[in-house]
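Inspection log for the structure reproduced underneath, given as structure tokens.
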Amino acid sequence: MIVNSDDKVIVHGLTGKQGTFWAGLMSEYGTNIVGGVNPKKAGTIHEGMPVFASAVDAATHVGVDVSVMFVPPAGARAAVIDAVDAGARLVVVLTEFIPVHDTMELVHHARRHGSQIMGPNTAGVVTPGEAFVGFMPAFDDRIFREGSVGVVSRSGSLGTLACLELTRNGLGQSAFLGVGGDPVSGTSTADAVSALAAHPSTEAIVVIGEIGGSKEEEAASVIATIEQPVVSFIAGKSSPPGKRMGHAGAIIEGNTGTYASKRDALEAAGATVVDVPGDIAAAVRG
Amino acid sequence: MKLLEATAKSLLAEGGLRVPVGELASSAADAAAIAERLGPCVVKAQVPAGGRGKAGGVVLCTTPAEAEVATSTLIGTLLGDHRVDEVLVEQQIDIDTELYLAFMIDTSAGMPMVVFNQEGGVDIEDNLGSLERRHLTPGAAIGSDMLDSVCHGLGVDGLDVRAAIEGLHKVFTSTKATLVEVNPLVVASDASIIALDAKIETDDSAPRVVDEVADDAGELTPLEQEAAEKGLRLIELGGNVAILANGAGLTMTTMDAVAHHGGQPANFLEIGGDAYTRAESALDLTLRQTGVGSLVVNFCGAFARCDVMTEGVVNAWLALSPDIEVFFSIHGTGQDEARAMVREQLGIEPYESMDDAIIAAVSSARLREHATQDGDEL
């Protein structure tokens, strides 16, 4: 799930407003964008990039390692299946508001074919100095710098903040992995931590979590087994229980998903949990 | 969104399940008239919350007069956070066995699952450990092996119970619900299988299956209601530092940092995702909360562009000209344009770090409170 500059990236929804804007930024940064998908514009060239009828079609012409979805929820299902069938190793699903039943089908399809889905509702992935896929401000060197700290986050804005805090304090990042804010994801926080633990240039890991769900508790069982030190910040300590924070369900119901349950699980696994994002860098330095 | 029982039961009936004969009533007189037709009945308060029976929201009635009294008692009262507007008046069922059957989502595994037990009823929350769970293949019909094992677990078999399991699964998949629960699913004394209660939680991202209006949050404050009408999610928290940030995660973090640095967050209001172009109405709502002593604007732009969000905030600030101080922390996509706007149009220098902006906002709100208490003008 970590991208590099050799990965051939195809953009579903390349010809749309956001697809055009972010494909330009990705390409400029060093991401190897080999084309886009739009059945209605197949055979044309958009901003210097070839447009294919499908990812499967693109795979036969230029090859596809990674696909990224700038498509609305109604089109996401078909687009993800197309990307998986094209043999994409990684499918980055930025789309928000995909029904969870559709997500489960897509994740199931991807697992059977050996593809990894990031998201849905992720801001993407960044390998500073190499490539980025999604809509993160990777191009801003006040926020993202090459280095050895791996960062995992559910939220894009919070992931940006964590990288900013690291960079401001002289700590660059080996990779940023956005796992997305939906309750069901193709890649869990635990999966992302495992990937970073196995990544040779990652010397420390920062896990940015939120109240609700059990992603951080599950990640704790992986954190207990890895060599790298882990620093974590969990958002939502002051959120009232029973209120849904945002659409995707940062909600505390009963005793599951509470700040205390996450903090306790992470600390028991050996992670350092900080109170505010401003303390992340100091904790990474130890 | 949690559907009302009557709405959920109409979806179950469409899916081929048997539900008790009944009708909705919004007045005691209506309830009495329905009871007259049905004979011995049950009057059930319609609110989107569990545990109604234990809270007194379900009343067994033998005569229309009893149904009338029960209804007039229930209507207008609060059960949990929800006001009762309607009751469901249903024929009583002669129960032989109470079972538990539900379809829900195992979010950790990313799989749908069927959950079942041969003992259903009101005490199920105390027996969660005894529930059996089996994962299902997403997007596929329920297989005959799975039907066998669910029937085995329920301790009941036959064409009727198999049809009920398949029917409930079909309701779950066709409505794309996150939860479809029947507790209890009863075997009546005539051996028919009847869904005595029904709970459905729909997925806000799925196409709407009913016209029902969401009441998940219980009673909203007037300002929260106004925000909801504008497509914004506002939660009033009653503190002294108002917050405007993008994305749920960053907004919660800003609240945490305000509390960490000694202030009290006034609200949760996120303008990330598609809402990021609505900064202007968001700011207006934020400032109209009572007791707000300062405002912190915390943007970390990824997809949501700081320049677009900041333009809305600056315009709203100039139009509203509030008499409190505002503190900015702006980073990420579009930050240079955004910071220049704040500097040039408001004459305010954004902070380099979020914590510094929040510390300043907390201190400003506190100074203002002291000044107000002393009767001074700021």
Side-chain angles (χ1 to χ4, degrees), chain A residues 18 22 73 94 96-108 123-124 134-137 140 142-143 153-161 164-165 168 181 183-186 188 208 210-211 213-215 218 233 235-240 242-248 250 275-278, chain B residues 81 105-112 137-139 172-173 176-178 203-207 216-218 233 235 237 245-261 264-265 268 270 272-274 298-304 331-335 352-356 358:
Chain A
Q18 297 295 347
W22 286 96
L94 307 172
E96 194 178 2
F97 303 114
I98 296 180
V100 66
H101 276 258
D102 291 2
T103 300
M104 291 189 295
E105 267 192 69
L106 297 174
V107 169
H108 184 69
F135 33 56
M136 292 293 288
D140 189 331
R142 292 165 294 192
I143 300 173
S153 176
R154 278 156 77 169
S155 148
S157 50
L158 211 41
T160 302
L161 178 66
L164 169 75
E165 290 293 342
R168 200 197 336 256
V184 171
S185 329
S188 66
I208 305 296
E210 294 168 25
I211 54 164
S214 56
K215 286 180 180 173
E218 288 153 28
F233 170 76
K237 186 182 183 183
S238 60
S239 294
K243 300 275 188 184
R244 195 172 291 274
M245 299 286 160
H247 97 274
D275 291 327
V276 284
Chain B
D81 277 346
I105 290 161
D106 179 349
T107 52
S108 308
M111 302 276 276
T137 307
F172 176 63
T173 54
K176 301 197 177 193
T178 53
D203 180 349
D204 294 341
S205 299
D216 266 355
R233 182 98 174 93
I235 300 171
L237 302 168
N246 64 294
L250 186 64
T251 308
M252 286 193 287
T253 301
T254 313
M255 286 161 52
D256 296 345
V258 166
H260 181 78
H261 293 301
Q264 297 91 39
F268 172 93
E270 86 112 342
D274 290 338
N298 188 14
F299 291 153
C300 249
F303 172 66
H331 299 92
T333 314
Q335 77 169 54
E352 263 311 313
S353 97
M354 171 187 125
D355 285 288
D356 290 345
I358 288 170

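In what follows, chains are A, B, ... by sequence order, proteins preceding strands, each numbered from 1.
Judged purely by atom type and a 3.5 angstrom limit, A/Ser157 uses its side chain to pair as donor or acceptor with the backbone of B/Asn246.
Most heavy-atom pairs under 4.5 Å with chain B, from the set A/Ser155, A/Pro73, A/Ser238, A/Pro277: that is A/Ser238. Ranked by heavy-atom pairs under 4.5 Å with chain B, the first of A/Glu165, A/Lys237, A/Met136, A/Arg142 is A/Arg142. Between chain B and the residues A/Leu161, A/Asp140, A/Val107, the most heavy-atom pairs under 4.5 angstrom are made by A/Leu161.
The two residues A/Pro137 and B/Ala302 come nearest to each other via the heavy atoms CD-CA, 3.8 Å. Summarising the geometry of B/Thr178 relative to A/Val100, their closest heavy-atom pair is CG2-CG1, 3.8 Å, with the distance given to 0.1 Å. Contact between A/Thr160 and B/Cys300 at its shortest, heavy atoms only, is CG2-SG, 4.3 Å. Pairing each heavy atom of B/Ala206 with each of A/Pro99, the nearest pair is CA-CG, 3.8 Å. B/Gly110 and A/Met104 get closest at one heavy-atom pair: O-CG, 3.4 Å.
Using a 4.5 Å heavy-atom threshold, the side chains of B/Thr137 and A/His108 count as touching. Contact of the A/Phe233 side chain with the B/Thr253 side chain is registered, since non-hydrogen atoms from C-beta on lie closer than 4.5 Å. Between A/Ile143 and B/Gln335, some side-chain heavy-atom pair lies under the 4.5 Å cut-off. The side-chain heavy atoms of A/Asp102 and B/Lys176, taken from C-beta on, include a pair separated by under 4.5 Å.
Interface residue A/Ser214: only side-chain heavy atoms are found under 4.5 Å from chain B. In this structure, chain A has a heavy atom under 4.5 Å from the side chain of B/Leu237, while its backbone stays farther away. Contact of B/Asp256 with chain A is made through backbone and side chain together, with heavy-atom distances under 4.5 Å. Only the side chain of B/Ala259 comes within contact range of chain A, with at least one heavy atom under 4.5 Å from a heavy atom of that chain.
The structure places OG of B/Ser108 at 3.5 Å from CD of A/Glu218, a figure rounded to the nearest 0.5 Å. Considering CE of B/Met252 and CD1 of A/Ile211, their distance stands at 5.0 Å, rounded to 0.5 Å. A/Asp275 contributes atom CG, which lies 5.0 Å from atom NE2 of B/His260 (distance to the nearest 0.5 angstrom).
Ring geometry for B/Phe172 against A/His101 counts as perpendicular: the plane angle is over 60°, on a 0 to 90° scale with 30° as the lower cut.
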